[in-house]
Structures are given as C-alpha cells and as structure tokens.
> 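Take a look at the following structure, please.
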There are 2 protein chains.
Amino acid sequence: MTNSVKSIFSQLGNFGQRIRELRENKGILLRQMAASLEIDTALISKFERGERKPNREQVKRIARFLKADKNELLTLWLADRVQYIISEEMSLAEEALEIVKRNIKDETRTHTD
Amino acid sequence: MTNSVKSIFSQLGNFGQRIRELRENKGILLRQMAASLEIDTALISKFERGERKPNREQVKRIARFLKADKNELLTLWLADRVQYIISEEMSLAEEALEIVKRNIKDETRTHTD
DNA sequence: ATTATATTTGACGAATTCTGTCAAGTCAAT
DNA sequence: ATTGACTTGACAGAATTCGTCAAATATAAT
C-alpha cells in the first residue's frame, strides 16, 4: 500500500486493534507474546498496527494464545483484507493529495525561510 | 488461485463475463481486441474467463476500447477481487462485509465531502 | 475430411510483492 | 543516562503474479 493511501485510512486495522486490546488487558508484553508464539516481536507489533497482515494460521495461533474467540479474530482479519482492496481504489484521492503535497513543497521552497 | 477455490466459484468472474458479452455483441475478435490494446490474445482470453485479473489500467483501456461504462467495469472488477478473498473464508464472509460496510459509513460521515 | 480461423491451455522466466528478521531508533519512566 | 517496551526501515529470500509463447483444442467453412 502506498504511504498516501495508508494515511487516508486509520492505521490500525480491525484485527490489530482488537488483539492489542486483548493483549494489553491481560498485561502481556509484545515480547512475551512473541516468545510464546515464536514470532518476531517486530512482526507482532506490525500486526497490531495493521502494517502487516498475518496469515490464517497466525491468526489462529494468536487467538489461541490470547484465549480469544477464533472466529471473531478471523472475521476481523478478513474484514481488513477486503477493506484493503477497496481502499486501493481510492487512487484518485491519492493522486489529488500528491499534487497538493507537491504544491505545498514548492511554495515553502520559493518563499525561503 | 487454488483449484479448490476456483471450483467453488463460477469460472467466469463478473468482469470477464461482462466484457466477453460486450465484445461478442460488437462482433469483435479476441485477436482484434488484443492487437488494438497491445495485450496478448491469451491474456485477454484469461481475463474473460476470470483466470487472470487485469490491473486498473487494463480495465480502463478495455472499457475505452469497448466504449463501455468505465465505472461499471471497474466496479465489476473490484467485486471480483473482493469475492476472491472472501471465497477463501465463506463462513465468515457475511460478518466481514458488515464490518466493512459499517466502517465505510463511518468514513463518509467523518470526512464530509 | 481438410483447411482455416478463433480461442484456450500450460509452461516459462521476469518482474513484482510479501515475509520474517535484524539493527537501530524513539519514547517514557526511573 | 539507563532501562524497558515498542517501532521503524531496510534487507534478502520466498512466494506470487505477470506477460509471452507455442502447442492444443474448438469452431466454421468448403
């Protein structure tokens, strides 16, 4: 996903938001979860912030570890994937923002500080 | 796409089905369309049968060539992509769509146009 | 049936995207 | 300024997608 599209949508996906919530409510550290699941800490961090999407197996393992409803998490995860595809099509908005960004940059460069 | 998933869904996607219809109604051959669009005949054949998914630009070019409604084709194409993802998780699909729908509603309510 | 034409299929290397990992980074609290 | 929790960016390897080609199949006409 391009950065500009990322910024249009909320950073946290449905799935990531939920597992972070579950983890924090249990007072578990990323590093502990990572160790138990044998997944790199950085990767779980990215899952929670929606920067990366886990695969089906990882979702299931995460659900088991958090003692969470597997179907709930799989559903949120699926919703994220659909939402991602749809958001890719907002490329017109993206282009528009790029143009504005370029123009702002030019402005500030011209009126030197 | 895995074979098992392929067999769950009809071979022809929404998009492919429609452009084949449009092309045949105009009496245009694959090879002619291919030549005009500078896309390999085999590839367009695959598009029509839903074996491959075109990218956004190809959809637009195809629409222009067929003098078809660009938005209609883009929508069908997008629907195919969503349908593909969901086909892997049939049982959860409905719930996921509800979530996405809710979020879209929220989005449009927040970022007033 | 033979030929000609249209479409489909499978396989391939190239290009692109995705994945997990690492090291370095920020940030807050002590 | 040290520690602890998390984040970030970059990387190489894996996996997937891409367009192309040649061969196979289907369709039509003679």
Side-chain angles (χ1 to χ4, degrees), chain A residues 1-7 10-13 15-17 19-62 65-66 77-78 80-81 84-85 87-89 91, chain B residues 1-7 10-13 15-17 19-62 65-66 77-78 80-85 87-88:
Chain A
M1 194 192 285
T2 63
N3 281 338
S4 44
V5 166
K6 253 192 223 152
S7 64
S10 70
Q11 257 53 17
L12 283 47
F15 172 80
Q17 213 163 353
I19 64 169
R20 165 151 296 183
E21 186 180 303
L22 287 165
R23 177 177 64 81
E24 287 181 341
N25 285 348
K26 290 177 184 297
I28 299 170
L29 300 178
L30 270 187
R31 134 174 88 70
Q32 296 170 326
M33 187 164 163
S36 172
L37 293 174
E38 288 176 324
I39 299 176
D40 193 282
T41 303
L43 195 49
I44 300 190
S45 168
K46 283 166 190 172
F47 289 161
E48 288 193 346
R49 287 172 296 105
E51 191 186 318
R52 292 282 182 93
K53 294 303 171 196
N55 62 37
R56 199 178 198 291
E57 280 316 304
Q58 287 166 332
V59 173
K60 289 200 268 189
R61 286 202 287 144
I62 289 169
F65 173 78
L66 292 172
W77 163 74
L78 181 55
D80 282 343
R81 300 184 57 194
Y84 168 60
I85 292 223
S87 72
E88 275 180 324
E89 290 321 303
S91 52
Chain B
M1 195 190 284
T2 64
N3 281 338
S4 48
V5 167
K6 252 192 222 155
S7 63
S10 69
Q11 257 52 18
L12 283 45
F15 172 78
Q17 213 162 354
I19 65 170
R20 165 152 296 182
E21 186 179 304
L22 287 165
R23 177 178 64 80
E24 287 180 341
N25 284 349
K26 288 178 184 297
I28 298 169
L29 300 176
L30 272 185
R31 131 175 92 71
Q32 297 170 325
M33 189 164 162
S36 172
L37 293 174
E38 288 177 324
I39 300 176
D40 194 283
T41 303
L43 194 49
I44 299 191
S45 168
K46 284 165 191 172
F47 290 161
E48 288 193 344
R49 287 171 296 107
E51 192 187 317
R52 294 280 182 92
K53 294 301 173 196
N55 62 37
R56 196 177 205 288
E57 281 314 306
Q58 288 167 331
V59 173
K60 288 201 270 189
R61 286 202 287 143
I62 289 169
F65 174 77
L66 291 172
W77 164 75
L78 183 55
D80 283 343
R81 301 185 56 189
V82 171
Q83 208 160 333
Y84 168 60
I85 291 223
S87 71
E88 292 165 342

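Proteins come first, then strands; the chains are lettered A, B, ... in the order of their sequence lines, and each starts at number 1.
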> So how far is it from B:R81 CZ to A:R81 CZ, rounded to the nearest 0.5 Å?
11.5 Å

> So, for B:W77 and B:P54, which heavy atoms are closest and what is the spacing to 0.1 Å?
NE1-O, 2.7 Å

> I need the CD-C1' distance between A:E51 and C:dT17, as an integer number of Å.
15 Å

> A:I44 CD1 to C:dT19 P: how many Å, rounded?
15 Å

> For residues 35-45 of chain B, which side-chain donor-acceptor pairs fall under 3.5 Å, sequence neighbours excluded?
unit_1 : atom_1 : unit_2 : atom_2 : d
B:D40  : OD1    : B:A42  : N      : 2.8
B:S45  : OG     : B:R49  : NE     : 3.2
B:S45  : OG     : B:R49  : NH2    : 3.0

> Roughly how far, to the nearest 0.5 Å, is CD of A:E21 from CD1 of A:I19?
11.0 Å

> Quick one: pull up NZ in B:K60 and CZ in B:R56 and give me the separation to the nearest 0.5 Å.
4.5 Å

> Atom CG of B:L66 and atom CG of B:L22: how far apart are they, to the nearest 0.5 Å?
5.5 Å

> Quick test of your reading: applying salt bridge (Lys or Arg N to Asp or Glu O under 4.0 Å), list the pairs with at least one residue in residues 22-31 of chain B, sequence neighbours left out, ordered by first then second residue.
B:R23-B:E48

> Can you sort out the partners of B:L78 under side-chain contact (heavy atoms from CB on, under 4.5 Å), two or more places apart, ordered by chain and number?
A:I85, A:E89

> Are any non-hydrogen side-chain atoms of B:Q58 and B:F47 less than 4.5 angstrom apart?
yes

> Under 3.5 Å between N/O atoms: give me all the protein pairs with nucleotides 25-27 of chain D, atom names plus distance.
none

> Restricting both atoms to N or O, compile the protein contacts to nucleotides 18-21 of chain D shorter than 3.5 Å, with distance only.
unit_1 : atom_1 : unit_2 : atom_2 : d
D:dG19 : OP1    : B:Q58  : NE2    : 2.7
D:dG19 : N7     : B:R52  : NH1    : 2.8
D:dG19 : O6     : B:R52  : NH2    : 3.0
D:dT20 : O4     : B:K46  : NZ     : 3.1

> Would you tabulate the pairs of protein nitrogen or oxygen atoms and nucleotide nitrogen or oxygen atoms of nucleotides 4-6 of chain D closer than 3.5 angstrom?
unit_1 : atom_1 : unit_2 : atom_2 : d
D:dA5  : OP1    : A:R31  : NH2    : 3.0
D:dA5  : OP2    : A:R31  : NE     : 3.1
D:dA5  : OP2    : A:R31  : NH2    : 2.2
D:dC6  : OP1    : A:R23  : NH1    : 3.1
D:dC6  : OP2    : A:L30  : N      : 2.7

> For the backbone of A:F15 and the side chain of A:D80, can you confirm whether one donor and one acceptor N or O come within less than 3.5 Å of each other?
yes

